[in-house]
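Presented below is the structure to which this report refers.
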Amino acid sequence: MKEQSDRIYLLEEAKIAPALLKLGIPTMLGMLISALYNAIDAYFVGGLGMSQMGAVSVVFPIVQIVIGLGMMFGAGASSYISRLLGKGDLEQAGRTASTALFSGLLAGAAVICGIMAFLEPVLTSLGATETILPYAKAYARIYVPGAVINIFNVMMNNLLTAQGATRFTMIAMLSGSMANVILDPVMIYGMDLGIEGAAAATVLSLCINMALYLGYLRKGKGVLRISVKKIAPSITIYAEILKIGIPVLLFQLLAGAATGSINTASKPYGDHAVAAMGAVTRIMTVGTYAVFGFLKGFQPFAGYSYGAKRFDRLMGALKLCMLWTTGFCAAAACILMIFAGPITALFGTDPEMTGLAEKALRLSAVSFLPFGFEMVYASLYLAMGKSLVGGVLSLSRQGIIFFPLVFALPRLFGLTGVIWVQPMADLLTALLTLFFARQINRALSTEARKHV
């Protein structure tokens, strides 16, 4: 099949730089657009008031969990489908795609029903104050049920990418994002719907994205045939989906829990603190998603090169990814530090809120400098099958290292401690990564000399 032969050519023979760009850019754009959906909402909601901005921040962890469910089934199925297409097994590929899609929607609907049944305690546990809670409930009552559409879109993005339809997935996601930019101000301000308008605009934008995917399926484009008739739950299919998908879901759950714990730690200091830290989280998410997305392309390249004992290509790709991601992080950090004031002003007008956000954003910008380095080596270890070290590195900055810090620093240093949690987690993760990077570099250099 042409898509598969092109993919093998990219992994085996193509020049390293173009191969990495072709593999990484589509996923990077997809993840960037996911981050931008939330940043756009926060930007337009910021004009309504501090409590409304805090409400969107409180609901954000729920968004991350929902996206995680889509990514678990989508990314897990995508990996298995790619291998099936390589073998020419179109029938099993179609069964896997259909089973993953409908299973993901069912699981998502169940989780969403659970969240809606206990919405008020969930929002309170995620940092909603008494003044933020009414707005958070109004926003969540529309957005959270509609988030099942987001699960569908995320899964379709992964399933179509697995068969090489990256151009269409980019068009579909960009269309939804552009619709959100247009609908947000119309529904929030033009129709005077306030925060409920923001939620409705996002759901309608997701519907546009979904309609494009449904049109693609109805026209029978691509090599995968997805339908209700092809749903075939089996231990084999679920095992293949979950062994890749569960780590992806775990990462998203930890990211959501990290965001929720920052909101909760900020809660005692008032709405301005919750709103400020929420704005900073959204701003930084755009940068982190860009790096994550790009390295999704590096991972299969690294895994293939390592398995084929092409250490020259592996080390060349490693150096390029280090250069590109570090350059991106450095450029982003400089922009954020220089323009921290104007950027945070986009998310609110209260001087106490924007002042705190500006301070936190500058600290986060500095700690973003080693982020590319951290994620390149986490991806490398995972690609080589060294899941223990790869998992530790992947889950440190918003998990293993983060949670002890978010428990201790606010208790020791108050609001200043809240601001320092993520920067300190990044610094310690960078030091941990440096230790393991030196080990793997020595091992790869030794193997490269053996296979000259």
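Positions are given from 1 along the sequence.
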Problem - Phe152 atom CZ: more than 12 heavy-atom contacts under 6.0 Å - result: yes
Exercise for the section: May I ask you to check whether over 12 heavy atoms, not counting those of Tyr189, lie within 6.0 Å of atom OH? Expected result: yes
Practice task
Would you verify whether the NZ or CZ of Arg282 falls within 45 degrees of the ring axis of Phe347 while also being under 6.0 Å from that six-membered ring's centre?
Solution key: no
Handout entry: Flag side-chain contact, heavy atom, 4.5 Å: Trp324 against Phe294
Key = yes
Exercise for the section: State whether the side chain of Glu358 and the backbone N or O of Pro342 hold a donor-acceptor pair below 3.5 Å, judged by distance alone. Expected result: no
Completion exercise
Looking only at heavy atoms, the pair that brings Ser379 and Phe298 closest together is CB-CD2, 4.0 Å
Problem - Shortest non-hydrogen separation from Gly127 to Thr264 and the atoms involved - result: N-OG1, 3.8 Å
Fill in the blank from the handout: Smallest heavy-atom separation, Ile112 atom then Ala147 atom, equals CD1-C, 4.1 Å
Handout entry: Ring centres under 6.0 angstrom apart (Tyr216, Tyr213)
Key = no
Exercise for the section: Flag the pair Leu242 / Met72 as yes when at least one side-chain heavy-atom distance between them is below 4.5 Å, and no otherwise. Expected result: yes
Practice task
Consider only side-chain N and O atoms of Thr131 and Thr129, and report whether a donor and an acceptor are under 3.5 Å apart.
Solution key: yes
Practice task
Assess whether side-chain contact (heavy atoms from CB on, under 4.5 Å) is satisfied between Thr354 and Thr349, documenting all intermediate values.
Solution key: CA-CA 7 Å; Thr354 55; Thr349 55; over 6 Å; no
Exercise for the section: With the side chain counted from C-beta on, respond yes when Met116 and Arg141 share a heavy-atom pair under 4.5 Å apart, and no when they do not. Expected result: yes
Problem - Validation row, ring centre Phe102 to ring centre Phe73 under 6.0 Å - result: no
Practice task
Report the C-alpha separation of Phe292 and Phe371 in whole Å, then their side-chain angles, then the decisive distance to 0.1 Å, and conclude whether the ring pair (Phe, Tyr, Trp, His ring centres under 6.0 Å) test is met.
Solution key: CA-CA 10 Å; Phe292 285 139; Phe371 181 74; 5.4 Å; yes
Completion exercise
Shortest non-hydrogen pair, Met353 vs Ala279, comes out as CE-CB, 4.0 Å
Practice task
For a side-chain contact (heavy atoms from CB on, under 4.5 Å) with Ser103, tell me which candidate from Leu106, Leu101, Thr99 qualifies.
Solution key: Thr99
Practice task
Answer yes or no: is there a side-chain heavy-atom contact under 4.5 Å between Ser396 and Leu428?
Solution key: no
Exercise for the section: State whether the side chain of Lys267 and the backbone N or O of Ala128 hold a donor-acceptor pair below 3.5 Å, judged by distance alone. Expected result: yes
Problem - Distance-minimising heavy-atom pair for Tyr139 and Ile195 - result: CD1-O, 3.5 Å
Exercise for the section: May I ask you to check whether Tyr377 and Phe373 place their ring centers less than 6.0 Å from one another? Expected result: yes
Completion exercise
Note: Asp350 and His272 closest approach over all heavy atoms is OD2-CB, 4.3 Å
